[in-house]
**Student:** 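One structure, as structure tokens, below. Some questions next.
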Number of protein chains: 4
Amino acid sequence: MARPPRSLGCTLDYQASGPSTFVFAVRPSEDPPARQKILRESLTLSTGEPGEEWRSVDGIRWLRVLAPAGPVRLHYEAEVQGEPVVHDPAGITEIPVQQVPQEALHFLLPSRYCESDRLTGFAQAQFGGMAQGHSRVAAVCDYIYQRTAYQRGSTDVRTTALDVLTDAAGVCRDFAHLGIALTRALGIPARFLAAYAPHLQPPDFHAIFEALLMGPEGPCWYVFDATRQTALDGVARIAVGQDASQVAFCSIWGNAQATGMQVRCDPEPGAAKEWTTAAVSVSVA
Amino acid sequence: MARPPRSLGCTLDYQASGPSTFVFAVRPSEDPPARQKILRESLTLSTGEPGEEWRSVDGIRWLRVLAPAGPVRLHYEAEVQGEPVVHDPAGITEIPVQQVPQEALHFLLPSRYCESDRLTGFAQAQFGGMAQGHSRVAAVCDYIYQRTAYQRGSTDVRTTALDVLTDAAGVCRDFAHLGIALTRALGIPARFLAAYAPHLQPPDFHAIFEALLMGPEGPCWYVFDATRQTALDGVARIAVGQDASQVAFCSIWGNAQATGMQVRCDPEPGAAKEWTTAAVSVSVA
Amino acid sequence: MARPPRSLGCTLDYQASGPSTFVFAVRPSEDPPARQKILRESLTLSTGEPGEEWRSVDGIRWLRVLAPAGPVRLHYEAEVQGEPVVHDPAGITEIPVQQVPQEALHFLLPSRYCESDRLTGFAQAQFGGMAQGHSRVAAVCDYIYQRTAYQRGSTDVRTTALDVLTDAAGVCRDFAHLGIALTRALGIPARFLAAYAPHLQPPDFHAIFEALLMGPEGPCWYVFDATRQTALDGVARIAVGQDASQVAFCSIWGNAQATGMQVRCDPEPGAAKEWTTAAVSVSVA
Amino acid sequence: MARPPRSLGCTLDYQASGPSTFVFAVRPSEDPPARQKILRESLTLSTGEPGEEWRSVDGIRWLRVLAPAGPVRLHYEAEVQGEPVVHDPAGITEIPVQQVPQEALHFLLPSRYCESDRLTGFAQAQFGGMAQGHSRVAAVCDYIYQRTAYQRGSTDVRTTALDVLTDAAGVCRDFAHLGIALTRALGIPARFLAAYAPHLQPPDFHAIFEALLMGPEGPCWYVFDATRQTALDGVARIAVGQDASQVAFCSIWGNAQATGMQVRCDPEPGAAKEWTTAAVSVSVA
């Protein structure tokens, strides 16, 4: 389902007090594995050097830069055309573990921020008796949405899914971590998805998650957003991984501090702004 | 409400490989602050020495013994007459913090096993909207009872209330810890109560908890048992404290291992075996 | 050892958006159990009402106030004369558990912020082989001092001793929590001490800790400061407890925010500013 | 450095009370990426079906089996010829992050059992001032070895590197997790290595770890064993991953219990039994 293209981008500023290595993941993924096309894009680095770029197995487009002391600015802009597929949630089922595709099995495992092994009891008590399918993962998201305060500053880089459950507060990455952990604890592969997303106030990178379910044409990664802050069919996928630890938009080794960040993602012309309960996929399984 | 007396007691065996200090809390509390009378009792120690006994502010009867290497046996038996009060839960309200008796204020604070400070968000999301009163603490217990598996060996001495919530499994002390933590997180003083209790299978010491609420005659500590394994009006109170860390029936410094434990608590003649929803108090506030 | 009196005090400001209960502990303890005299003092509350004051078993002077919506200011000032005792560390030994005074036994137990039970292995590996005595607790403090960064903002109200060890960063209460946890893990009673202290930059309440050891006249609580930021014989004791959870200078129930805090503690005229390795006690055991 | 072949294998028994999916990783890796040759091997499953086998990017040989209720036995045996390289530790340096090979960058990140992000302060305080190189990772291992008790039953599946540090006890996987976490916290890529290893008492699968350092011919994964229980040049690599969560020798979905396990790994004929401080590599970077 090709959509009208829309503009997106970011400007990231840092101040390095010594030579520092930056690893960025800010370019949207390309088709495949993402269901989206990059119509045009430009990335500039204030350091003047091109950096080292590569693509990893899930389509993440990495950029590594060694910057000297001083200010560092990355500016990126692109025109991206989404081609999400939208399915009727009613017919989507869960996949028995013996049929989960080999390359997706590790998304059943616990990870740094998503201790699904420690939430198995809770997840089974809360969601174990529900009908299986897309609706069960949606119920996980409803549960999180209804009781978790979206609250800037309430969490930090060490906040894990367990904390989000007990604090009942967090930001988008925290909502995603809890969603992932509970979903994995139900035996469903789930992964973190970093994206550009429209309608966020204030604009920012967004974090949602994908669960692998059986769609009409086979196993399919469907997106879920327990924050309900964006239109799922309007997000532009950047990176997927086990959790935020693996897909930061910027990791720094050395001595540098973020000094500014601007993120932009126009909505698709004519697209609905509303949060939706449809089953949307932006990744090819 | 005086009850027919019943027998209770315990036999505790240890093997010390060197001189070890034991601190026991196995004698039931006396009236006051416990609503029970010790009609007769006897405590014998295999070491032949009397040990050092004292009573702390909440009525706990401590015994400290320095034992040489070798076997150590404590044998205790008593006839105890309970005098619990039983109130109609309907009229029992919560106490505003400014009216909580001074000496109970610290039972609003978090403790080693009951991290109420970290469960405030969860408790408010789950129970914050409910009508206040005895029924709200009962709702906390119902919640725990319905989703937590009573499972020997599922937890250990480092298991805290947070773990019990996420594992959805535990033994009596774990149920009590989660109940205490959630109750404190609602702004209600709560404390751990170690007791002899009838009907346990297998027989053992029991752990329940008390919440301070406003009863018909003033502030009153009511007992709650999220395990539903005993008759609340049939328990014989041994000790109260912030959590299990403070009221172990036996703490050991030195090098000694438990080698056997037998606990006995006859039901009161003619008493109902059933778990009850009545508001029962066994402590004087 | 009577010292010249010195002035101290605090001004605490809050903004309540609804009726809120404040529990303060800002008045220094009196003799006994503190080794200090209050020569004069005055406490004023902007709410105009006296509040409810009482003293708990360890000499803490509590004040509870129910304030309406609006600004709340507490202003306290006093002239306090310290009478610390100072002993030669060389002759101070550890107390076998069977000889620890009954009322101090619970300071061997783990608490919310001082998980001594979980640090036993570490403490024994690091300090188990050392000679026992005051010097061993001093070695715990040296260890903490040498590897822990004093860093405002590095920790928060959920930071425990375990975190301080692994983060190697914290503020005074964190240093105290790690010191307490490691000391208890060695079988030595230890407790948190909140105090006015001179020389702090910026001025603030200070948190140090006390360990119970055998001094020349019997069991004695000696103070330790792993931050090395004050003169131990110049502190004015406010409150002791298992950890910071029990002796906050202000706890609030309701909806109020701190808007300002000023703390003042003049040094004693003629007193040394330097951190000292002497064995100082400010509490009567 | 080709070695004489040796025999190894395992017999794993389970009892399934319903259809269960097993995912095994018991076959040693082949060359490349492992520096070893499988001369012959045989794997039999009591269920009679072949299962589904595949190889992942790091050379792990997975086997997935859907077993009906009843007993399940996997029997594996092989003859494996190791070809480890052994370098002089003295010349081995650390690799600046900007030069770490792209595919190894994620081994700098924290993971479920190796919270390197939370051990950065501790690692820097303890090892930050040391000379960089192979010797620094060896110093991490020495530190762990000297203070950690190798103690069966002291830990369980939720034990993480933080726990191992504070408990100062664990089994091989725990030693490896702490080694990995501290090494990553120093900015050095590190990963978990599951292996057959000679000399273990009792025989078992072994867990050690690899750190990526600059060897004489370029980046090289060197093995480290903080338990000192095996000959590093005699291990047969099975699987590598971020930590034990990713490379269990058997994961089960369904309702099945382990009922027996036998692991066998002959020493290489003529090989030294002794633990060694040489720099050994069994993986191709």
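All chains are named by letter (A, B, ...) in the order of the sequence lines, taking the proteins before the strands, and each is independently numbered beginning at 1.
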**Student:** Residue by residue, which of residues 108-118 of chain D have a heavy atom closer than 4.5 Å to a heavy atom belonging to chain A?
**Tutor:** D:Leu108, D:Leu109, D:Pro110, D:Ser111, D:Arg112, D:Tyr113, D:Glu115, D:Asp117, D:Arg118
**Student:** Which heavy-atom pair separates A:Val100 from D:Arg64 by the least distance, and what is that distance?
**Tutor:** O-NH1, 2.7 Å
**Student:** Of the listed residues (D:Gln102, D:His106, D:Glu103), which shares the most heavy-atom pairs with chain A below a 4.5 Å separation?
**Tutor:** D:Gln102
**Student:** Only pairs of heavy atoms separated by less than 4.5 Å count here; which of D:Val65, D:Thr160, D:Leu105 has the most with chain A?
**Tutor:** D:Leu105
**Student:** Non-hydrogen contacts under 4.5 angstrom with chain A: give the residues of residues 44-57 of chain D involved, or none if there are none.
**Tutor:** D:Glu52, D:Trp54
